[in-house]
Amino acid sequence: MAARGQIFGVTPPLPPITAETTAPLPGKRPPQIQGKTVPILAGDMVSLNGAELPSPWRLQGEPGASQGLFIPIEILTHQLGMQVEHETDGLRLIWFGHVFSVEPADPPLENELAVDIAPLVERFRWQWETTGSQLSLQVPPPRLINVRMGQFAERVRIVLDFLGPAPFRLQDGELLVEMRSRDVHLREMETLGIPHLWTDGLLRLNTTALSPNSRILTLGSPERFVLDLSYEDFLALRVLGPTKQGVVSPLKGLGLTTKVMSLGERRFRLHSVALDLAHPSITLLPLTRMEGMDALNSLHDLARAWQADLAINGGYFNRIRKLPLGALKREGHWYSGPILGRGAMGWGVEERPIFGRLAMEETVTGPKGSFPLTHLNSGYVQKGVARYTHHWDDHYHPLTENETGVLIQENRVVRHFAPFQLKGGVPLEPGTWLLVARAGASLPLGLGDSVSLSGRLTPEAFSRQTHILGGGPLLLLGGRQVLNGGMEGFSASFQREKAPRSVVAWGQDQLWLLTIQGLGHHGPTLKETAQLVQQLGMEDALNLDGGSSTTLVFQGVTAVRGRGVGSRVHNGLGVVIRHPQGDSGSQSRN
């Protein structure tokens, strides 16, 4: 990588930070001792500069010797603003021009992607200590040493120079940067016309009106933070001023409900929103990035991009490759196909949603016979032949080594691709589709061959649905518990996991968006989740992605964060409220 910087859409993160000191970490890596047990200390709470995050951690190694300190990578990316990149032999963290190669925790940390932060602790002189099950980390904010602004063509750049990396986040329409500053630099921001709010240690900028054209960059030498804005966005920033303003209409008649439920001695907090889908003002939409499937965003930003007033996180995805792992259909177009027969929900205009375990079968027929396809537009890869269309992205790039391909246009083979030809990317135009062979699978099609495509969905009722969102496992069907994670390809460890949950359900003639978090513990198991939603009187219920992905946005505010971290997700389920012209916004029912 030529430049040691990082570029974000408009979706980084981090909560308030103050700085104290405790004890430095002695080394970088856990010791490799054959035939001996390496001491391990673990817990379930991370305190980052005083902000408590229900999250697992693990300390490995001999006291006074080289030690490894493992925490979920979500804390680094969403609490400190780091960028993570996938390498062939591990992961790479990038933060204000500093690059660290790290390896995932082995064994994993409670099914969380976690890394050893010992090199970062040593490099940036972070302080830490453990008390019982809590790990306390102190990441001191840097000093602001310069403020600059420049205009280039139709863009404006605001640059903040620091003496070290500055933790930051974007949250609910505000950019928050943790730093120390002298009055002279704050006055310089006022002189340059940069609207802001300053409280001790925290800089706030209002970003509610910024478009996807805006970018946040962090660079090194010196460590600096760059807001790269279109001129229109810079004007909007000035017009809005420093304070956060709501940009969505009030939702009269809809409310966010919070309640506590118990199963035995275990207590849970539930947040819920109930929707009458028969109401003409309510539209339900899958939320994804506007262009291409290879990106993660905060649910807040996805909701804002689609003008959704309510949103809950959606299906599963590969956090490293940033690709979907399950069904995603919008306006009749498949952006990601079903996998492993997992649970899904489908709906159309003013129809009751349907729930079930969804499977797709596609078959290609050519002059030499027929062969099945493994998946459509999917980040889930297996041996065989998969199909990709322009709804996946404007180009296809290989997901595995030594893939071969065949491009189909107007039901005819127009081009073959060897592995080296696929590496540069293949344009995906409307009216074309690409067949990709993996792990040595054959493509028995010649140039100019005429081909046909057939397919079906099971259950067949899903084929009539305009929109489909996949998740899993399916929890309830017809009021009965139908939980069977193994049938849907979920691992035994995943099925046993206790974590925050997101659920979409149907009951009492309404659609429910639900989140469930543990009170004094990590959260419910899948079995407990099914029991809780059944106790609420739900008829059908689908588990969605959970853990740190669990997020609920209500009226433009992120009301629920599964593990206290503003995690990025691939997709979501959004609710758009559109009142008839002249309606004041109330939702009366006759």
Side-chain angles (χ1 to χ4, degrees), residues 5-6 8 10-22 46-53 55 71-84 93-98 100 117 120-121 123-128 135-148 158-189 194-207 215-220 222-227 242-244 298 300 558 561 563-568:
Q6 43 185 321
F8 295 81
V10 176
T11 42
L14 153 251
I17 286 190
T18 58
E20 299 287 7
T21 60
T22 49
V46 175
S47 173
L48 179 60
N49 293 344
E52 292 191 347
L53 308 171
S55 184
I71 65 173
I73 205 166
E74 291 288 338
I75 293 179
L76 302 178
T77 55
H78 301 299
Q79 300 298 105
L80 299 177
M82 294 188 189
Q83 182 187 9
V84 59
L93 297 174
I94 305 173
W95 198 35
F96 286 85
H98 302 277
F100 296 87
I117 65 168
L120 285 76
V121 171
R123 171 63 180 84
F124 299 115
R125 299 181 181 275
W126 296 352
Q127 306 297 315
W128 69 280
L135 168 68
S136 298
L137 277 173
Q138 296 290 340
V139 180
R143 181 175 297 281
L144 177 68
I145 59 173
N146 194 21
V147 179
R148 297 175 282 147
I158 299 171
V159 181
L160 307 180
D161 295 330
F162 296 104
L163 285 176
F168 67 94
R169 68 175 172 187
L170 269 173
Q171 180 178 305
D172 297 336
E174 286 186 307
L175 170 64
L176 295 91
V177 184
E178 301 291 339
M179 65 183 201
R180 293 174 294 149
S181 179
R182 295 174 178 170
D183 291 342
V184 62
H185 299 308
L186 299 176
R187 288 196 299 269
E188 183 66 16
M189 293 184 73
I194 304 171
H196 66 280
L197 283 179
W198 170 256
T199 54
D200 189 24
L202 183 65
L203 176 71
R204 296 175 180 266
L205 295 176
N206 183 6
T207 60
R215 299 185 302 166
I216 293 175
L217 301 89
T218 70
L219 305 171
E223 288 96 342
R224 58 198 187 277
F225 185 93
V226 182
L227 261 179
T243 58
K244 183 181 170 220
S298 72
H300 177 272
T558 304
R561 296 181 179 85
R563 288 198 169 108
V565 178
S567 181
R568 289 183 292 171

Visitor: Considering all heavy atoms of both residues, which atom of E223 and which atom of L163 are nearest to each other, and what is their separation?
Guide: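 Result for this residue pair: OE1-C, 4.5 Å.
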
Visitor: Within a strict 4.5 Å, meaning less than it, do heavy atoms of the V226 and I216 side chains meet?
Guide: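 Side chain of V226 against side chain of I216, heavy atoms only: no contact under 4.5 Å found.
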
Visitor: Under the criterion side-chain contact (heavy atoms from CB on, under 4.5 Å), I'd like the reasoning laid out for W198 against M189: C-alpha separation, chi angles, the key distance, then a yes or no.
Guide: CA-CA 11 Å; W198 170 256; M189 293 184 73; over 6 Å; no

Visitor: What closest approach, in Å, do P142 and E178 show between heavy atoms, and which atom pair accounts for it?
Guide: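 Scanning both residues completely, I find the closest heavy atoms to be CD-O, 3.7 Å.
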
Visitor: Before giving the answer on side-chain contact (heavy atoms from CB on, under 4.5 Å), spell out for Q79 and V46 the whole-Å C-alpha distance, their side-chain angles and the decisive distance to 0.1 Å.
Guide: CA-CA 12 Å; Q79 300 298 105; V46 175; over 6 Å; no

Visitor: At their closest point, which heavy atom of G50 faces which heavy atom of Q138, and how far apart are they?
Guide: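 Residues G50 and Q138, closest heavy atoms: N-NE2, 4.4 Å.
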
Visitor: Please name the residue in the list L135, L137, I71 that meets the side-chain contact (heavy atoms from CB on, under 4.5 Å) test with L48.
Guide: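 The passing option is L137.
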
Visitor: Would you give the length of the straight line joining atom CG of L176 to atom CG of L170, rounded to the nearest 0.5 angstrom?
Guide: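 These two atoms lie 8.0 Å from each other.
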
Visitor: Measuring only between side-chain heavy atoms, which start at C-beta, is M179 closer than 4.5 Å to R143?
Guide: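 Side chain of M179 against side chain of R143, heavy atoms only: no contact under 4.5 Å found.
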
Visitor: Please check: side-chain N/O of R148 versus main-chain N/O of L160, any donor-acceptor pairing under 3.5 Å?
Guide: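 Side chain of R148 to backbone of L160: no pair is present.
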
Visitor: Considering all heavy atoms of both residues, which atom of D161 and which atom of L144 are nearest to each other, and what is their separation?
Guide: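 Shortest heavy-atom separation between D161 and L144 comes out as O-CD1, 3.3 Å.
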
Visitor: Atom CZ in F225, atom OG1 in T218: separation rounded to 0.5 Å?
Guide: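 Answer rounded to 0.5 Å: 8.0 Å.
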
Visitor: Would you say R125's side chain and V121's backbone share a donor-acceptor pair under 3.5 angstrom?
Guide: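 Side chain of R125 to backbone of V121: no pair is present.
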
Visitor: The test is side-chain hydrogen bond (donor to acceptor under 3.5 Å, both in side chains); show your working for E52 and S47 and say whether it passes.
Guide: CA-CA 4 Å; E52 292 191 347; S47 173; 5.4 Å; no

Visitor: Measuring from atom CD1 of I145 to atom CZ of R224, what distance do you get when rounded to the nearest 0.5 angstrom?
Guide: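 So the CD1 of I145 and the CZ of R224 are separated by 11.0 Å.
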
Visitor: Compute the centroid of each ring, for F124 and then for F96, and state whether the two points are separated by less than 6.0 Å.
Guide: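 Not under 6.0 Å, so no.
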
Visitor: Could you tell me the separation between the CG atom of L53 and the CD atom of E74, rounded to the nearest 0.5 Å?
Guide: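 Between atom CG of L53 and atom CD of E74 there are 11.5 Å.
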
Visitor: Taking all heavy atoms of N146 and all of H185, pick out the closest pair and write down the distance.
Guide: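 Minimum heavy-atom contact is N-CE1, 4.0 Å.
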
Visitor: Between H78 and R568 (side chain of the first, backbone of the second, donor and acceptor by atom type, cut-off under 3.5 Å), is there such a pair?
Guide: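 Yes, H78 side chain to R568 backbone: donor-acceptor pair under 3.5 Å.
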
Visitor: Just verifying a value: how many Å separate L227 CG and L175 CG, rounded to the nearest 0.5 Å?
Guide: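 Those atoms lie 6.0 Å apart.
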
Visitor: As an exercise, state the distance from CG of L202 to CG of L197, rounded to the nearest 0.5 Å.
Guide: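 One finds 9.5 Å between CG of L202 and CG of L197.
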
Visitor: Restricting to ring-ring contact (aromatic ring centres under 6.0 Å, His included), what partner residues turn up for F162, sequence neighbours left out?
Guide: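 Counting only residues at least two positions away or on another chain, F162 forms no ring-ring contact (aromatic ring centres under 6.0 Å, His included).
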
Visitor: Under 3.5 Å, side chain of W95 to main-chain N/O of P167, donor-acceptor pair present?
Guide: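 A pair under 3.5 Å: no.
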
Visitor: So which atom in L205 and which in H196 form the shortest heavy-atom distance, rounded to 0.1 Å?
Guide: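 The answer is CD2-CB, 3.6 Å.
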
